[in-house]
Amino acid sequence: TVKDSPSVLAKCMAGAQSRSEDEETLGVKDVKRTATQAFGSGVPKRRSSSRSIKRKKFDDELVESSLVKSSSRVKGPPVIEPVRCSGSEPSSSEKKKVHTIKSTLTPPLTMVINPAPITKRVKKSKQPLHVTKDLGRWKPTDDLLLINAVLQTTDLTSVHLGVKFSCRFTLREIKERWYALLYDPVISKLAWQAMRQLHPEAIAAIQSKALFSQNEEALLAKIGSTSQPKLDIFQELLSKHPSVFHPSRTPKSLLVHWQLLKQYYLLDDQSVQPLPKGDQVLNFSDAEQMVDDVKLKESRDEVLEHELMISDRHQKREIRQLEQELPRWQVLVDNITGMSMPDFDNQTLAALRGRMVRYLMRSREITLGRATKDKQIDVDLSLEGPAWKISRKQGIIKLKNNGDFFIANEGRRPIYIDGRPVLSGNKWKLNNNSVVEIAGLRFVFLINLELISLIKAEAAKMTQQ
């Protein structure tokens with residue numbers, strides 16, 4: 001038995017080692033199972049991509065992954081029990097060792113079963129959009145104007161009619177804003193903070209625009225309309241009634257408002273005539289018939305009429321002098337430009353001189369136009385320049401018995417005589433040195449005055465006979 005004891009001890013030690021390994025694996029499995037039971041379904045299973053490039057994780061995903069890693073890493077120490085051989089009972093010292101080992105195992109198990117509360121980031125709730133939109137439209141100056149006006153008049157309708165805000169607010173919007181300032185803590189707090197940031201000068205300017213209350217207007221209306229009050233009277237009013245008038249009132253502002261009351265007949269000693277009742281209402285047409293037209297005519301001013309007559313005489317005298325000096329200036333212009341009177345023979349009645357060609361008129365009637373193979377005319381204007389816009393028979397120049405020359409337009413395009421257009425079918429008188437323009441071609445019409453004077457004299461003799 002003594003010889004066999006070493007082998008028995010070795011077998012017992014080997015069995016205890018295998019048993020301790022099995023119990024260790026069982027203890028790890030129990031720890032994992034208790035961890036999953038403790039967390040339960042709180043940690044959702046996340047599928048990870050098999051791609052090599054992964055996207056960045058968000059905050060909530062980082063928290064979940066850290067929880068999964070921590071749960072997988074928590075492992076209890078192996079449960080070691082004393083080695084017992086079959087048929088042997090544990091001693092008291094062995095029982096104490098097992099008890100101490102079990103007591104050391106309890107703390108990590110309790111930590112796994114009762115995990116610490118998970119702290120997550122809580123986003124602050126944003127304010128509703130209508131609040132920010134409302135605050136953006138209503139400026140702090142508008143809020144201050146609204147508060148001052150309501151305190152003065154206690155009537156939102158008069159505030160809507162009398163206060164000039166930065167925007168055109170409707171009566172409904174003003175009411176909603178006033179109720180929001182009263183009962184909405186968020187809007188009232190923001191508006192109060194914005195108003196406190198205003199400059200003192202801006203606040204003083206807004207308070208000076210406060211509406212006048214009924215009590216203030218009643219005190220101002222007692223001042224007579226016939227009197228001419230000065231600033232001292234209004235200063236006395238302010239000193240006597242400090243509780244009635246707004247703190248921002250000045251004597252000058254009271255004087256301006258009193259003038260407005262006087263303008264609209266709102267003073268105590270003023271009365272507005274009532275409109276007639278019934279059918280006696282006067283309309284515009286009846287009033288127009290009652291107006292006397294004779295009274296509307298302006299009276300004659302003899303002095304003004306005499307001055308106008310004298311100035312008219314002076315102007316007519318100057319016009320006559322200019323007409324007399326015109327031939328002298330014409331001679332000077334002709335000498336400078338080289339357009340002096342040409343040498344006419346006894347057969348030439350007039351000449352149509354252009355820049356390149358001069359056409360002589362030796363009969364009482366000539367035709368102007370563009371010559372073609374089929375039709376020949378007296379004056380071919382194509383010799384002067386491009387005449388493709390001119391009609392084949394553009395016009396006729398004719399001398400009458402009284403010695404006057406006339407041009408008649410028979411083409412499509414107008415003929416300009418001294419800048420005046422002569423349309424198709426019309427005629428115009430030609431004078432000496434008249435400028436004739438046809439489709440961009442300009443000519444000067446020159447008259448043989450000596451021959452024409454002889455023709456006029458013969459015509460006068462014929463009429464006398």
- Query: Under 4.5 Å between any side-chain heavy atoms of Leu260 and Gln263, yes or no?
  - Reply: yes
- Item | Side chains of Ser382 and Asp380, donor plus acceptor under 3.5 Å | yes
- Query: Distance only, no hydrogens: is a donor on one side chain within 3.5 Å (strictly under) of an acceptor on the other, for Gln207 and Asn148?
  - Reply: no
- Close side-chain approach of Phe406 to Ile397, heavy-atom, < 4.5 Å: no
- Query: Can we say Asp184 and Lys189 salt-bridge, meaning some charged N sits less than 4.0 Å from an Asp/Glu carboxylate O?
  - Reply: no
- Heavy-atom side-chain contact between Val150 and Gln152 under 4.5 Å: no
- Item | Minimum heavy-atom distance Asp269-Gly224, with the two atoms named | OD2-CA, 3.4 Å
- Message: What I want to find out is whether Arg177 reaches Glu173 closely enough, with some N-O distance under 4.0 Å, to be called a salt bridge.
- Response: no
- Do the side chains of Ile455 and Arg364 get nearer than 4.5 Å, heavy atoms only? yes
- Query: For the atom pair CD1 (Ile415) and CH2 (Trp428), what is the distance rounded to the nearest 0.5 Å?
  - Reply: 13.0 Å
- Message: Below 30° counts as parallel, above 60° as perpendicular, anything between as tilted: where do the rings of Phe165 and Phe169 land?
- Response: perpendicular
- Message: Please check if the number of heavy atoms outside Met309 that lie under 6.0 Å from its CE is greater than 12.
- Response: yes
- Query: Quick one: does Leu368's side chain get under 4.5 Å of Asp378's, heavy atoms only?
  - Reply: no
- Task: Answer yes or no: is there a side-chain heavy-atom contact under 4.5 Å between Phe443 and Glu384?
- Result: yes
- Query: Is the count of non-hydrogen atoms from other residues, nucleotides or ligands lying under 6.0 Å from Tyr265 atom OH greater than 12?
  - Reply: no
- Is there side-chain contact between Leu237 and Phe245, with at least one heavy-atom pair below 4.5 Å? yes
- Message: Does atom CH2 (Trp258) have a neighbourhood of more than 12 heavy atoms from anything else shown, all under 6.0 Å?
- Response: yes
- Message: A quick test of your reading: do over 12 heavy atoms of other residues, nucleotides or ligands sit less than 6.0 Å from CD of Glu365?
- Response: yes
- Task: Please say whether more than 12 non-hydrogen atoms of neighbouring residues, nucleotides or ligands are located less than 6.0 Å from CD in Gln193.
- Result: yes
- Message: Within the 4.5 Å heavy-atom criterion, are Lys389 and Arg413 side-chain neighbours or not?
- Response: yes
- Test: Asp404 and Lys429 ion pair at under 4.0 Å: yes
- Would you check if there is a donor-acceptor pair between the side chains of Ser166 and Asp142 at a distance under 3.5 Å? yes
- Hey, is CD on Glu305 packed in by over 12 heavy atoms from elsewhere, all under 6.0 Å? yes
- Query: Does a sphere of radius 6.0 Å around CZ in Arg392 hold more than 12 heavy atoms from other residues, nucleotides or ligands, not counting ones at 6.0 Å or beyond?
  - Reply: no
- Message: Do His257 and Glu216 pair up side chain to side chain, a donor and an acceptor below 3.5 Å, judged on atom types alone?
- Response: no
- Decide side chain to side chain contact (heavy atoms under 4.5 Å, CB included) for Thr367 and Lys393; before the verdict, give the C-alpha distance in whole Å, the side-chain angles of both, and the deciding distance to 0.1 Å. CA-CA 7 Å; Thr367 57; Lys393 188 178 181 181; 4.3 Å; yes
